[in-house]
Structure formats: structure tokens, C-alpha cells
Participant: 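Next up is a structure, given as C-alpha cells.
Both backbone and side-chain heavy atoms feed into the values below; hydrogens, waters and symmetry mates do not.
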Amino acid sequence: MAVYFDHRVEAPDSSGAAVLISWHSSVCVLAVGSVNASTGGCVDLYLQQGEHIELCHVERGFSPSLLQWHPTKALLAVGWETGETMLLSHPSGEHTPLPNNTHTACITVLEWSSNGNRLVTGDQAGVMAVWRVDARGKLQGSPLIKHDYSNPLTCCIFRPPPPAEDVAMLARAAVSGDESALDMFNWKKSNKGGFALGSQEGLAFYISTADGSVYSVDEQVRSVPLLSVESAVQKMWYSKRRAVLAVVTDSLLLSHFSLGPEGIAQEISKVKLSGRGGQHADIVWTENGLLITASGEQHIRLWDVELDDHYALTLDESLGFEKGELLNCVSFCTSKLLAAGTSRGRVALWHMVTVSDQKGDTKIHWKLQTPAEVEGNVSQLQWGSSSHLLAVCSSSCVVILSEHVMCSHYSQQMAAVQLTPTQLSLANFNTNTHITFHTDTHIRAVQVTKDMVTVWNGKYITVYEPSGQTLHSTGSFQCESPALAVHEENIYTVEPNRVQIRTPQGTVKQLLVFSEAEGNPTLLSVCGSYLAVGTDTCHVRVFDLTCREAKAMGVMKNLSELIPDLGALRSVKCNASGNQLSILITQVKKKKDKKLYLNLRTRCEVELAGRCPVSQFWDENESRLFVCETVPVNSDLHSSSQSQIEKDVLVVTFFVTQEHGLLLQDSQPKPATLLSLLALDTPYYYYICKVPSSPQMVVRRALRDFVGLESCEKQTRDAMLNFSFYLTIGDMDEAFKAIKLIKSEAVWENMARMCVKSHRLDVARVCLGNMGNARAARALRDAEKEPEVEAQVAVLATQLGMLEDAERLYKSCGRFDLLNKFYQAAGQWQQAVETAETHDRIPLRTTYYSYAKHLEAMGDKNLALVYFEKSDTHRFEVPRMLMEDNLSLEIYINKMKDEDLYKWWGHYLESQSDMEAALHYYDLARDYLSQVRVHCYLGNIQKASEIANETGNRAASYHVARQYEGQDEISQSVHFYTRAQAYNNAIRLCKENNLDEQLMNLALLSNPEDMMDTAMYYEEKGTHMDRAVMLYHKAGHVSKALELAFATEQFGALQLIAEDLNENSDPALLARCSDFFIKHAQYQKAVELLVAAKKYHEALQLCLDQSLTITEDLAESLTVPKDSSHLSEAGRKELLEKIADCCMRQGNYHLATKKYTQAGNKIKAMRALLKSGDTEKIVFFAGVSRQKEIYVMAANYLQSLDWRNDAEIMKNIIGFYTKGRAIDLLAGFYEACAEVEIDDYQNYEKAYGALTEACKCLTKAKGRSGDEADSKLLILTQRFGLVKRFIQARRMHEEDPVEAVRVCESLLEEKDLNPAVRVGDVYGFLVEHYCHHGNFQQAWTKIEELRSTRPNINLSLYVSQTSLEALQNAAGVRLVYRETNTHVAEDDEEVEEDENINH
């Protein structure tokens, strides 16, 4: 909170009433224009505390009309009502008039360009002049242009320059070392070849006239019309971002114009603003597009041009404003403060706060502060270069308001709070007295002790002592110390590099000296008997004040070495023992650090869970207790004079010790009615009030642990603190030891409350036991079944009357069901309903019902109706509630149009013998039974019959049927019994009245019991036996139906009955039926019945005898399940094999395979499968059977296929022979493979590999087959050797052809060569060799030998075409041979070879 010191300007005696004020934008100089009715007008300059600058005084015999400061220089442009214009310099007081002939009418326009190089002047006659001003602030001769618009000029604004490179800014950046800026100056390095020298200020401007015209003047001072509005322009504003010009007329008409690059203006929007227009309206534009107007009303209006939103701000009488107070003028500063002057001499201040919601949307809130008061009617306001200075021009004086942080201090049960610049509120809590004290000077600092009040006004320190209900001064001395502290009889002040310890009279008793490196002391704080000092170089030191002289403790700490980015110290405090130090800092960029720094010996940084500390205090007597005010880190923090959002401020209390560090003791939101925390002095927090609701400005609130124990003695207070401390660190033994001697029930209750905060239920049980609160102990024990600890603690809080804590705990653990019950028990029904609707909808209707019952008990029946309806219990509860008010009840029922309510009301009217009305409501309720019942009662049975027939209502039809039966109208009675589906009654009447034709249909519609009864009726009568059989069958008595069918020889009925027979039927009955079907040649049905009768062999034999095809379904029905009691396992397998044999005879091999497999005979199953020729299933069956014989059978079958061209078949053959251990068969297969490779492909290498595998197989089979295997192995080994020799000959031909020829010649001499190696292949190799070496004669010889051995051989199969042609050409002999592409064996007699040799 802040107060405003008012400095009245020291105006000369000759000056009159002030009419104009103007602050310089960067220098704290205020220009004031005043008018004296006798002497004329004058302009004076003043400093920030109102000191008059005598040299800067200008008088004229006429009034000043406008004041406008140069944007950077201390140069004031002054316009007078006669047209005279001059420039006044500060502080020299030199003034330079503009040429006299420029303006002859009152000056209405004075506007500087952004850098002050040009000045625009305009008068009421419509003359506009543009002047050039040099860098020294001197005019450059005559005006650049002088233009006459013929209408009074009203407003002028300069257009901001377009984006361009600012040479001055680039130069400053280059000097500071910015390489990119240096490159911009060096065109050789710049990619752009230098930079464009744009204009450093906007020289184009817009000027308006009283007829609503706006003109555009460009940089060459050429004026062109731009736009026109309906009346005189009062204010203009240009949005650089949107390139939009906004114009406000004196009739408060706001227009927006879009400005194109060619200077064409296009109207975007036009709106009439609320409020009174005219010259007296004060209009302010802010940089973010906010339009603020004050027009002498009880509120000011704001329009957000960007968002197209508008609202109004009003005054609050609770803050000191009067009813009917009018707002005349406004002023807005960049630090988001809005000031408004009132007609009663007050200045209203609003602080603008931007708040973001959870969705990220921002909203602006305006916080009204306590007003500052001046004399007279405020006519003009203006903020100074500093946001702490505000000039106020009223009807009686000009006052400069200087913002100052409100002083406050607490010590030794004494509290002082500054109310106004010269007023203090003092409170002595020891004596419970309050004093409001006025001083003669402004108060800038205050310090109190129990015997002394020290006040500093910036220049003097004055010491006061209490004397009854007032204070009297005991001493005063000059001192300009920026920091002040008091301890006992000593006053501590600072000056460069030292702290002075003074007496109350100002005598310096001791100096605490600091070195140059340690800096100048700027912060002083006393706690107990210790003084903490902070310097401007971020050094801190603690001094012990217990002795006659202050002594330094420890060594000086340089925090700059410990804390990175440290800018300055914000607050330095020590505890009551001097062994703990807490520090708040500001970072380098003047940003408040969110950390708290503790401990003098070892630095400890503490982050407060996303919150930033703003103030801190140590308990004056308890050295472990520390408290600080915190706000969220992302809060919009400003100076202490600006309001913060109270709901975000938390007061956090800690225990601080060397052993355990920082321990959270409690946290609670700052009460909304209080401004800020002042001090901590157990058992109270001390707060400063926003508005004094009590006689004093300081109120105290008990700590959480001392609620109800505020007046306890010191022993109890210490015990409670120790208990809280040990409870915080979890040392329960020490905690109970600290309070074991306490007998007070209030103390135990308070400790139980502490357990709610700490969630220590074990301690709470002890506390409740010592309190003797059996009810709470029982409730806490019952709450142990709840899984959430918070829910259990909430029960404890409820029992202790801590309802807000209980509510918070239920919400935190998400137990909204318990929260709902809590609200109901507390009578907070709206919260209970809201909780059920939003969080816990399961008991929603129950909540509505309970609330309705509560409202009924409270007599609010109208609202109770609503909640009975919501709970869906209104059909019973509302008639009960309104039973005594029949008229209201009837109105309610007719309004609701609910069938149940109509029915209830009909019953009520019927009970009152109002049958006609009852029938009406029964009709509305569609209660047909009641309608029929009433009509029958009235004797109108015909109408009742119509209703029953039309609606088909069963109950109504039954009632009518009973009525007709009572009147012996049997046919009508049977009809309505049938419509009522009361078939047993209809059947009864038919039997009693011999209505046999209707009886059959009714029996079929009825239940089995009625069918049986009707069948027995037909059987007894001996007529319609077919109907009896059918009814027995439908009723489920098949045996009875069959007996009756056989007895009466009803073969058609027997056929239908047999279709429903199954395995659950009587076997004898099934056999009897099957014989019947065999006799009538229906063998398929007979088989099915035999199977159902478990006579499987007879059924199978019947299939064989009658050549019935066994389908898969029939085969499955003939298959007896395992563990069946009807057949043994052997019998079951025998039956399965018979079924399979039958399937084999019928050619159903797959089904036969399945049955053989089920019988366990896999060999027969495989044979059946082989007959099917299904290779895929054969391979699969062999793989899953895992029997040697089956493997061999499968392999033998696969050899019958085209295994030569299907590698998968060959792989399966080898695999099956291997798995079947048929090694000899596998060897034979490998031999066959070798023969195929030789005969078909002449691939002796692969044949060699196959023979190798065959040898391996025969070697393994040697011991099994005896001599036969040995002979086979011998033959195979000989073949293997011959093939190997031929392969070696072919391989060595490249390196040793002679040896290769010799090997082949030796092979030809072998008598058993042909089975292993074809003779033609050997001769062909030799022929190829001789032809290749040109020995055609020898080649011819080998051909002759081959032909002699094999006369019909086809040479083209063994000798290449190229070699044969070469041999033919060399020998001169033509060989006639047949070419063939078919690979044939050389001993294939079916192939005829025809060769003729012609010589």
C-alpha cells in the first residue's frame, strides 16, 4: 500500500489561478500556466517537490493557451491567446519568441515531432506553421511552410516513421561491439551492400480543423485533404501496428480509418460513444489502444479499440469517496496506473492488473485504491516522467503528489502504521490502547519500541515518547539516512561505509565501519537483540546488541560470490538468536528472485513450490519460527504501492533449525480484508488492515496451533511450540514428552486441531482421549474403513468443528460422496446438490429427494415440488404432501400430465364416488381396467366391452369376461377370456358347454397342462382321436401319443411324432418306431431311430443290407463316444472299423480314413488315404501318425509321382524313408536319383553325390540285412569308383590332358562300365579332346569304335555339334545323323538312330 505526499508548488505572488500543467517526459520539471485577472498570465517551472525555478518565469498581459515540452530537451513551447509563441529553456530561463507575424489568433496547436526536429504551431484562425529546430533547440529562421486552412485548428499528431535502419541506434550498437551492426556500416562485408538510411523520425503528420476535416502533411510539408467527419475533431490517435487512424469528435463520435500507401483513407467503423461530449470532456489514448474519457459524470468510460469492448469505472464510498462525486479529468501512466480528478478535491487511482484464466485468456481488472485529497475542484491531471509523480491542477492550487510506500513497523507489542503523509496509527497490544498521531512533517520512515516512536521525514529524525493518549517529542536531529532501525535506547542510521549508533538526541555513540569493498549499508533490521545489515555491494553482517557496544558475529558474507545473477538485496532479516539469516534478492535485470536464501554459516537456497516470497519476518522471541508472504511466480508483481490479487497471497510459516533445515509448519491464504503481513510474534500474526474496520490499523490473528490458546501462559506456549516442532519432524516421543504435564482440555483440543493440519491421526486419538470426546473418538474409529487418509482426517475435522478444513480435505481426496453427505449434514443443500450434479451423480436423485424433504419440512412446498420431480418421486410424494390442499393438488396433476398421477387422482375421485370425473382421469391415464371396472359397476357392460375390444387390454378383457360369465353369456365370456389370454378359463367353459370346435384351438394356444387335460377329454369321449394324439404330442407326452396312434392306427400322426424322437426317448419306443419304418420301406428314418436307440450294429447292418450311403453326419451319429456305457472300448473300435469298411466299399476314402483313425488302425487309415490319391493329406497324415510303416507307405506312394521335377516330393521321400528307418529303400532311391542325373542331365557330379548318400545308407543297413546288403554295397562301391574316375578325368583335362585320355582309355577297358558310366559319354569326351587338339584321325577312330560297340547310337547326344562339323570338314566325309533334343538312354531300344556315312 502507498500514500501520496502532497507538495504544493511554491507559486510567485503575482501568479493567479493555474489553468495549464505539463510535465517533461524525461526530466522532473513541471510547467504551470496561470491567469491573474489583474496582471494577465504567466508560465513558471517547478521541481518535483514544488520548488519554484525563479529564472524560468515568463509573464504576459494575456493568458497562456498551450504548453508543450520538447521530447528530449528541457525546452518548453508556450502558446498564448494572442497568437504569440515562444520557446522557454530550463534551467537558464532563456526564452525565444517566434516571429510576431506568424499567428494572430489564439494558439490551439503545439506539437513536436518524435525527436524534436520539427514543431507544428496552429491557431484559431486556421493558420498552421511548421518550424525546423536544430540540435541545440534553436529555431532555424522562418517556418518551412505557412498554410491557412480557414478554420480553427483543433488537433495535430505526428505519424510514426516506417521501419528503417536507425543510424544512431546502429552506431551505439557498433560501439558496444555488435558485429552485425559493424557489418551494416561496412558495405564490403554486408550481404546487402550497406543499409538504407531511413528517416530517424516521423516528419509526416495529421492536422484537424473545427469543421471536421483532417489533412495529411508529408515530409516535404505538402498538405492534402485526408478525410472528413461530422463535427470538430477533439482527439486523434494513430495505430502503427494496424495502420489505422482513430478520430474522436467533440460529440464523442469515434471513427476508424484505414490509411493506404497512397495516402487514401477508408472508413472502417463508426460508433457513438456514451457520455457527454463537448470541450469539457477529457479524452486519453493509451499505447495499447484504450480510450478513456471523463466528462463530469460519476464514472469514467473506457473503450478497448482493439477488442471493441467498453466498460465503466465508478467510485467506492467505502474507500472514502462521497456520494454524487463527479469525475472531471483523467491521466494514464505507463506503469498501469489510472488517475482521475473529482469535483470534491480527490484523486482516484486505479491499478490495472492483467489476469489470465485457465484457458489462457487474459482479462483486465481495475483495482481502486484509497484516494489522495487536495483542495478545490480538480480540473487537470498529468503523470510526470516518473510514475511516482502526479501533478494535480485544482481551482485553488497546483499540487505535486509523490508516491511513497506506506511506513509500518512492529516491535515489543507496539505497532505503527502510516495513514496519511503526516498521520500515524499506533497500537499498544500490551495495554490494548490506540493512538492516532499527527506530525508536522511528512513521514518517510517509522520505528517503534515499547517506550519510543522514531519518525524520519527524509531530513530529520524525531523521537517521541508515549504520554497517556498522546506523544511528546523528546529529541530531534538532522539525518538523511536512507535506512533506520531502533533497539532499546539506540537509534541506528547509515551513511557511506558505516552504520551510526545514536542516542535519542542524535549523539553518535559508536560507528560500525564497512570497507569500500563491503559497500554502503542500505538495509537495517533488528530482531530481538541482533542487528542485520545489508550493503549495496550485497554484503551482509549480523551484530550482537546484547552488550554495551555492538559486536560483529562471524565474518562478512559476500553474497555475490554465492548467488549467481545477484543484482541487489531486497530484504535482510535475522532471527531472535542471531544464528539464522534470511535474504530476499533482486536479480540483475531487476526481476524479483523466486528463491529464499537462508543460513548465515552455510548457504541454503529454498524454492517455495512455484511461489515467490515478497516479505519475510522472524518471530521476535522464538528463534525457530519464520514466516513469509508468497505469491505465484508468474504473478504480475509491481512495487509495493500497487495492489496484488489477494486470493493468490499465501502466508507460509516454517520451523528453521541448523539440524533439520527448513520445515513447513503451516500455510494459509491471507485474509481478503487485510492488506499485508506486518510481523510474527507468537501466538499471533500481525496484519495491516486495508481499511480500518476497527479503531486501529493493525489486527492480529492467532497461529494455527494457538487458536483458543491466545492468552495461555508462557510455559504452555513453549510446550505447544515444542509439540508442533517435534510433530513436524516426526519425533512423536519428544512431542508427547513436551506436553505430558498439560492438563487443559483446551490445549488438547488445540493439539487435535493441529493433527488435522498435519494428518497425524495417531496423535489425534491421544488428544481426543485426553479431551474425553468419546463421540469424536468413535467417529474417527469408524472412519478407519475409508481408504483415503484425507477422508479420515476430514471426519476428525468435522468433529472438531473445522468445517472448512473438512470440506477442503474431502475435495482434495476426491471423495465427493462423503462431501455430499457433509454438505447435507451441515445444511448446505445448494453445495450438496451442486456436488452431486458435477462430481458424484450416483446419489444425485437421493440428494434431490433429501433436499425436497428438507424443503417440505421448512414449509417451502413450491421448491420442494421441483426437487421431488428431479428425484422422480413426485408421483407419490407430491400427492402425499398436497393431500390437504385438493385444489392445488388437482392443478398440479393437470399441469404435469403424468399418467401415474392421473391414475392416482382417478382412484381418489372414485373413492369419493365421483365416477364421471374418475372415468375422465382414467381415460387420461389410459387405465383401461379401471374404466371397465367403473362401467361394469355402473351397469354399462356394453361400453366396457367396446373398451376391452378396442384396446386389447388383457386385464380389462378378463374383467369383462368374468362379468359375462356371471350373466351366462358363454360365447362372449369365451371370447374375452381368449383376448385376456386366460385360456384355462375359456377351456373350462368350452368343456362345460360342449364347445368342442373351439376347444382344440384354445388348447393349442394354452400351456401343456391344458393341452393334456383337453387330450384326456377327447380320449374319454372317444371322438376326435387325431386331436387327442396331436395334443398329447404338443404337450410333450410322446409315448402316450404313440400308444394312442398305434392303437388307432393313425400312421400320418405317427410320422409327425417320429420326427421329434431323439436319443432321450424310450429305446423300446424307438425300436418299435424303427420296425414300423422298416416295414414301410423308410430305411433312412429307421436307421436314424436305431441310432437314437443305441442299436448301432443293427443300424449299420441295415445300411449294408439296403445299400444306404453313409454320409458324414450318419457316420458321426453311428460313432459311439469314448467312455460310453453302451459299448466297450473294443466293441467301439470294432464298430468304427465296420463303418470304415463300409465307407471303403462305397469309395468314401476320406471318411474311411477318419473312422480307421478313430478306431486306432492307422495302417488301414493310410491305405484308405492312399487310395484317395490326395497327396497333401497323405503327407500330412504320415507326419502326424509317426509310424514307420506309414512313413514307408507314404514314401513308396510319393515315388510313384513325378518326384524328378518336384523338389518338395523328393524332400518328403527322403524324409519319410529316413523317419521310417527304411535305409535300403532310401539307398535304392538315391541310386535312382543318380541314374536320372546321368541319363537325363549327364551331371556326374550330382550322380556322384547321390551314390555317396546311397553308400552311406547301405553301410548303415549292412548289419541289418546281412549278405544281401554286402553284395549291394560291393556293386555300388564299384559304380561309385568308376563315376569318380570319370569325374577326375574331366576335371584334370585342363591341366593334364594326356593323363585324362589315359584314364578314359582305362575306363573303356572296364567290363562293368556301362551301368555306372555311359560308354558314349567316355567316347564323346575322347572325341572332343582329339577334335580340340586337331587330331581328327584319332577322333574318327574313336567314333568308329563307338559305332562298333553301339551301332545305333546317336552321336549328337555325346559329341557337340561343333566338333562333329569340324571332324566332317577335316575328314572330307559327310556324316548323316539325326539331331534330337530328347535325352534318351543309350540302350533305349525304342529310339531308332539312323546314320549313314557317305564316302
Side-chain angles (χ1 to χ4, degrees), residues 2-11 15-23 30-35 41 43-44 46 48-50 63-67 234-235 275-286 292-302 312-317 319-333 335 337-352 366 368-384 386-404 420-421 641:
V3 295
Y4 283 87
F5 293 168
D6 53 332
H7 303 281
R8 185 189 293 257
V9 297
E10 301 171 356
S15 63
V19 293
L20 299 173
I21 56 174
S22 179
W23 280 105
L30 174 67
V32 178
S34 56
V35 177
V43 175
D44 295 279
Y46 301 92
Q48 62 181 3
Q49 292 191 4
S63 301
S65 60
L66 272 182
L67 303 176
Q234 188 172 352
K235 204 76 173 180
R276 295 184 297 177
Q279 293 297 324
H280 60 278
D282 193 8
I283 302 176
V284 174
W285 286 98
T286 66
I292 308 171
T293 64
S295 55
E297 299 176 303
Q298 295 184 21
H299 49 259
I300 57 176
R301 302 180 186 274
L302 298 92
L313 301 179
T314 59
L315 303 177
D316 187 355
E317 295 181 21
L319 293 177
F321 295 97
E322 297 181 15
K323 187 176 182 180
E325 203 162 353
L326 304 180
L327 295 162
N328 301 325
C329 51
V330 290
S331 181
F332 184 81
C333 74
S335 60
L337 276 175
L338 173 63
T342 74
S343 59
R344 306 288 175 84
R346 293 185 181 88
V347 178
L349 296 167
W350 284 273
H351 173 220
M352 184 175 73
W366 295 90
L368 181 61
Q369 301 180 13
T370 305
E373 297 187 2
V374 297
E375 298 178 4
N377 182 18
V378 180
S379 60
Q380 190 176 357
L381 293 173
Q382 188 176 13
W383 287 100
S386 169
S387 60
H388 302 292
L389 297 176
L390 177 65
V392 181
C393 179
S394 69
S395 58
S396 59
C397 61
V398 174
V399 177
I400 299 175
L401 297 180
S402 176
E403 185 184 21
H404 172 66
T420 67
S641 66

Participant: Applying side-chain contact (heavy atoms from CB on, under 4.5 Å), run through Leu313 and Leu327 and close with a yes or a no.
Facilitator: CA-CA 10 Å; Leu313 301 179; Leu327 295 162; over 6 Å; no
Participant: List the residues meeting side chain to side chain contact (heavy atoms under 4.5 Å, CB included) with Ser63, not counting sequence neighbours, and say none if there are none.
Facilitator: Val35, Glu81
Participant: Report yes if some heavy atom in the side chain of Tyr46 is under 4.5 Å from a heavy atom in the side chain of Val398; otherwise report no.
Facilitator: no
Participant: Just to verify, what does Thr286 make a side chain to side chain donor-acceptor pair (under 3.5 Å) with, not counting sequence neighbours?
Facilitator: Asn288
Participant: What residues, two or more places apart in sequence or in another chain, satisfy ring pair (Phe, Tyr, Trp, His ring centres under 6.0 Å) together with Trp285?
Facilitator: Trp237
Participant: Who are the salt bridge (charged side-chain N to carboxylate O under 4.0 Å, His left out) partners of Glu322, not counting sequence neighbours?
Facilitator: Arg344, Arg346
Participant: At their closest point, which heavy atom of Ala294 faces which heavy atom of Cys329, and how far apart are they?
Facilitator: CB-N, 3.9 Å
Participant: Closest approach of Gln380 and Leu20, non-hydrogen atoms and distance?
Facilitator: OE1-CA, 3.6 Å
Participant: Looking only at heavy atoms, which two atoms of Gly33 and Pro64 are closest? And how far apart?
Facilitator: CA-CG, 4.1 Å
Participant: Run the side chain to side chain contact (heavy atoms under 4.5 Å, CB included) test against Ala339 and tell me which residues pass, sequence neighbours left out.
Facilitator: Val347, Leu349, Leu381, Trp383, Leu390
Participant: When you measure from the side chain of Gln234 to the backbone of Ala281, do you find a donor-acceptor pair of N or O atoms at a distance under 3.5 Å?
Facilitator: yes
Participant: How close do Leu368 and Ala348 get, heavy atom to heavy atom, and via which atoms?
Facilitator: CD1-CB, 4.2 Å
Participant: Output all residues satisfying side chain to side chain donor-acceptor pair (under 3.5 Å) with His7, sequence neighbours left out; order by chain, then residue number.
Facilitator: none
Participant: What heavy-atom pair brings Leu319 and Thr370 nearest, and what distance separates the two atoms?
Facilitator: O-CG2, 4.1 Å
Participant: Going by side chain to side chain contact (heavy atoms under 4.5 Å, CB included), name the residues that satisfy it together with Ser65, two or more places apart in sequence or in a different chain.
Facilitator: Cys106, Ile107
Participant: Would you please name every residue forming a side chain to side chain donor-acceptor pair (under 3.5 Å) with Thr342, sequence neighbours left out?
Facilitator: Glu325
Participant: What pair of heavy atoms forms the shortest contact from Phe332 to Met352, and how long is it?
Facilitator: CZ-CE, 4.2 Å
Participant: Using side-chain heavy atoms (C-beta onward) and a distance below 4.5 Å, is Val330 in contact with Trp350?
Facilitator: no
Participant: Please tabulate, for side-chain N and O atoms in residues 371-378, each donor-acceptor pair with protein atoms closer than 3.5 Å (sequence neighbours left out).
Facilitator:
{"residue": "Glu375", "atom": "OE1", "partner": "Arg8", "partner atom": "NH2", "Å": "3.3"}
{"residue": "Glu375", "atom": "OE2", "partner": "Arg8", "partner atom": "NH2", "Å": "3.2"}
{"residue": "Asn377", "atom": "OD1", "partner": "Asn328", "partner atom": "ND2", "Å": "2.6"}

Participant: Take Trp23 and Ile400, measure what side-chain contact (heavy atoms from CB on, under 4.5 Å) needs, and give me the verdict at the end.
Facilitator: CA-CA 11 Å; Trp23 280 105; Ile400 299 175; 3.9 Å; yes
Participant: Checking Glu297 now: which residues fulfil side chain to side chain contact (heavy atoms under 4.5 Å, CB included) with it, not counting sequence neighbours?
Facilitator: Arg276, Ser295, His299, Arg301
